[in-house]
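Just so you know, these numbers use all the heavy atoms, side chains as well, and skip hydrogens, waters and symmetry mates. FYI, the numbering just counts along the sequence from 1. Computed from a predicted model, the values in this text were never measured in an experiment.
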Amino acid sequence: MSQSFAAAQDKRQPTKGALTDPVRYPSGAGQRVLAKRAFLLILLTLLVPGSAQTVAGNRRLGRTALRVTLTVWALVIVALLLLVMSRPTLINLVADSAASLVLIIVLTALALGWAVLFVNTLRLIRPAMLETRARAAVVVTLVLAMLLSSGSLGYAAYLLNVGRDAIGTIFASGPAMEPSEGRYNFLMMGGDAGADRTGRRPDSLSVISVDAKTGQSAIISIPRNLQNARFSDDSPMRKIYPDGYDCGDECLINAINTEVTNKYKDLYPGVEDPGAQATLEAVSGTLGIKVQAYVLVDMDGFAKLIDAMGGIRIKAGGWVPISGETIDEAKGIHGMPLGWIPAGDNTLDGYHALWYGRSREFVDDYARIARQQCVQQAMLKQLDPATLLTKFEDIVKAGTKVVDSNISASQLGSFVDLAMKSKGQPVSRLTIGPPDFDASFSTVPDFDKIHQAVDKLLGPAPAAGAADDSLRQPAAAPGPISAGAVPLAQPGTKPAPSPSSSDFTPVTTTPQGEPITEEMLNGFKRNGDEQSIRNLVATNGQCAPL
């Protein structure tokens, strides 16, 4: 009987060796050992969740947590392999509405589970056994480790949910599109949507064409005042305007959006934005290429997107006015400028970037088009992974208020991958106006010549030694200050290369060498001497992203 009782006691009590293990049985350990044990358990929970419980606590809980940890590590390895071998697939999985919802739930559960393990680890540490200073250090360390681990997972789940909502708001749910002649062509429209307007009036029209394999890109700018725009063969509007949009001086290409929205939206059943779709078809027919999708940016909200990015950096060739109240809309005359963007290197916030891209006072539309191209390039160049990660929430929230598109969300992976390939590559540019065509060309366009110019732009790269026309700038307006201006090319031919960011010198002085200042320009304006202002700001179409 006594032997049986002793045997039972031996089974219930730990062995002598186990009692001397300070990790699981800390009661008899010294203060230094207890402190080291506490930090060790925190480190184990941070690096290998579940291991602290396995060595010092509930082994069943620890083994369960370790299985989850190993599973997560395996999935992370698979994700890294996809990132290297098939990046678009990984991005599409994250962008998919159902898959991203599952991932959000999993991340949230992992964050909560990790937090539970840290709380359990605190119980295993037995803070009451530690001396006061060590106890405070251990608690602070554990809280920081919990924020670093569980908090990071929770924040990742939150950001993923923000991105999921933005994708659903901005992008369409339709079928994926195929490249046309090896390229994806996107129409970028910038316009104002006000209470007095039906839909957005696109004041800025440009096509970004991207090679589906290499990511090499080109920007084709279409003047908003282009007349006689042709609709593509498959456009319902071709029945209304079979010979082009030719109803007179009012039939400018940027008026198509409003006219279709007001009169012909029944021709586009099931289309969310008939005006934008009709404008896309007009651009397709005019350029002689298939434009597959559009991105419409509300210029009134555009400033928020720039601010969310932390601003953009550009090199300006000449001073650009922030125009005051319109006095004579027909002649484009404004009151005293509200301010000026100086020539030279600038970091522009949203307000100033918006005005830099939209101002056309004292110059023509083609100088504005060049600046708009420059702003687009600056945004693409500066939207690097570091900026995206650190400002992700602000950028996404701004994007949902600014951007609308019919691009299918199912292809985001492919397009993000292409965008990453495009970074760092030179961007070719073409304008349906100066410097590639005469200034009057947009009034009576020759579509055969437009198609020839577009074909040359998007065709195979020139042989080694050929002229590099990757950067193009409009010519400066005539006047005393026109150094660095680019000569007009013959319609349908590639223009001579224009200055790069290191080739043109911003015009910061008068011909007599006096520094140009805001006070000087405003003085000419007060005296009604607008010609002097035109001469001094003639090169403000020159621009390069920094």
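- Nearest heavy atoms, Ile314 versus Ala378: CG2-CB, 3.9 Å.
- Between the side chain of Arg371 and the main chain of Cys543, no donor-acceptor pair closer than 3.5 Å is present.
- A donor-acceptor contact shorter than 3.5 Å is absent between the side chain of Lys315 and the backbone of Pro506.
- In terms of modelled atom types and a separation under 3.5 Å, the side chain of Thr431 and the main chain of Ser221 share no donor-acceptor contact.
- The main-chain N or O of Glu178 is found under 3.5 Å from a side-chain atom of Gln292 such that the two form a donor-acceptor pair.
- Annotation: side chain of Val283 is not in contact with side chain of Ile220 (no heavy-atom distance under 4.5 Å).
- Proximity of a side-chain donor or acceptor of Arg126 to a complementary backbone N or O of Leu34 within less than 3.5 Å is not detected.
- Between Trp355 and Leu338, the closest side-chain pair of non-hydrogen atoms is not below 4.5 Å.
- From Leu61, atom CG reaches atom CG of Leu66 across 9.5 Å, with rounding to the nearest 0.5 Å.
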Going through the checks in order, is the side-chain contact (heavy atoms from CB on, under 4.5 Å) test met by Ile125 and Ile42? CA-CA 9 Å; Ile125 289 171; Ile42 293 172; 3.8 Å; yes

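- Contact annotation: the side chain of Ser428 approaches that of Gln216 to within less than 4.5 Å [non-hydrogen atoms, C-beta and beyond].
- Here CG of Asp307 is found 11.0 Å from CG of Leu348. Values are rounded to the nearest 0.5 Å.
- Note that CG of Leu117 is 11.5 Å distant from CG of Leu46, once rounded to the nearest 0.5 Å.
- Only one option out of Asn346, Val320, Ile341, Ile312 pairs with His352 in a side-chain contact (heavy atoms from CB on, under 4.5 Å); it is Ile341.
- One N or O on the side chain of Gln31 and one on the backbone of Glu131 form a donor-acceptor pair closer than 3.5 Å.
- The minimum heavy-atom distance between Thr45 and Ala52, with the atom names listed, is OG1-CB, 3.3 Å.
- When all heavy atoms of Pro127 and Leu122 are compared, the closest pair comes out as CD-O, 3.4 Å.
- Side-chain polar atoms of Gln53 and Thr121 form a donor-acceptor pair below 3.5 angstrom.
- No side-chain heavy atom of Tyr351 sits under 4.5 Å from any side-chain heavy atom of Ile306.
- For the residue pair Ala56 and Arg37, the shortest heavy atom distance occurs at CB-NH2, 4.4 Å.
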Begin with the C-alpha distance, continue with both residues' side-chain angles, and end with the deciding distance and a verdict on side-chain contact (heavy atoms from CB on, under 4.5 Å) for Leu110 and Val68. CA-CA 9 Å; Leu110 290 174; Val68 174; 3.8 Å; yes

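- Pairing each heavy atom of Ala212 with each of Pro179, the nearest pair is CB-CB, 4.0 Å.
- In terms of modelled atom types and a separation under 3.5 Å, the side chain of Arg360 and the main chain of Arg368 share no donor-acceptor contact.
- For the atom pair Ile104 CD1 and Asn161 CG, the distance stands at 4.0 Å (nearest 0.5 Å).
- When side chains are defined from C-beta on, Trp73 counts as touching Val48, because their heavy atoms get closer than 4.5 Å.
- Shortest non-hydrogen contact noted between Ile222 and Ser206 is CD1-CA, 4.3 Å.
- With rounding to the nearest 0.5 Å, the separation of CG in Leu458 from CD in Glu181 is 9.0 Å.
- Rounding to the nearest 0.5 Å gives a distance of 10.5 Å between OG of Ser149 and CG of Leu144.
- Within the 4.5 Å cutoff, the side chain of Val138 has heavy atoms near those of the Phe39 side chain.
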Please lay out, stage by stage, how Thr64 and Arg67 fare under the test side-chain contact (heavy atoms from CB on, under 4.5 Å). CA-CA 5 Å; Thr64 300; Arg67 292 191 190 100; 4.0 Å; yes

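- Residues Asn120 and Asn58 fail the side-chain proximity criterion, which asks for heavy atoms closer than 4.5 Å.
- Within 6.0 Å of CD on Glu518 lie more than 12 heavy atoms contributed by other residues, nucleotides or ligands.
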side-chain contact (heavy atoms from CB on, under 4.5 Å) between Val295 and Ile208: does it pass, once the steps are laid out? CA-CA 10 Å; Val295 177; Ile208 297 180; over 6 Å; no

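- Residues Ser323 and Arg358 are not in side-chain contact: their nearest non-hydrogen atoms beyond the backbone lie 4.5 Å or more apart.
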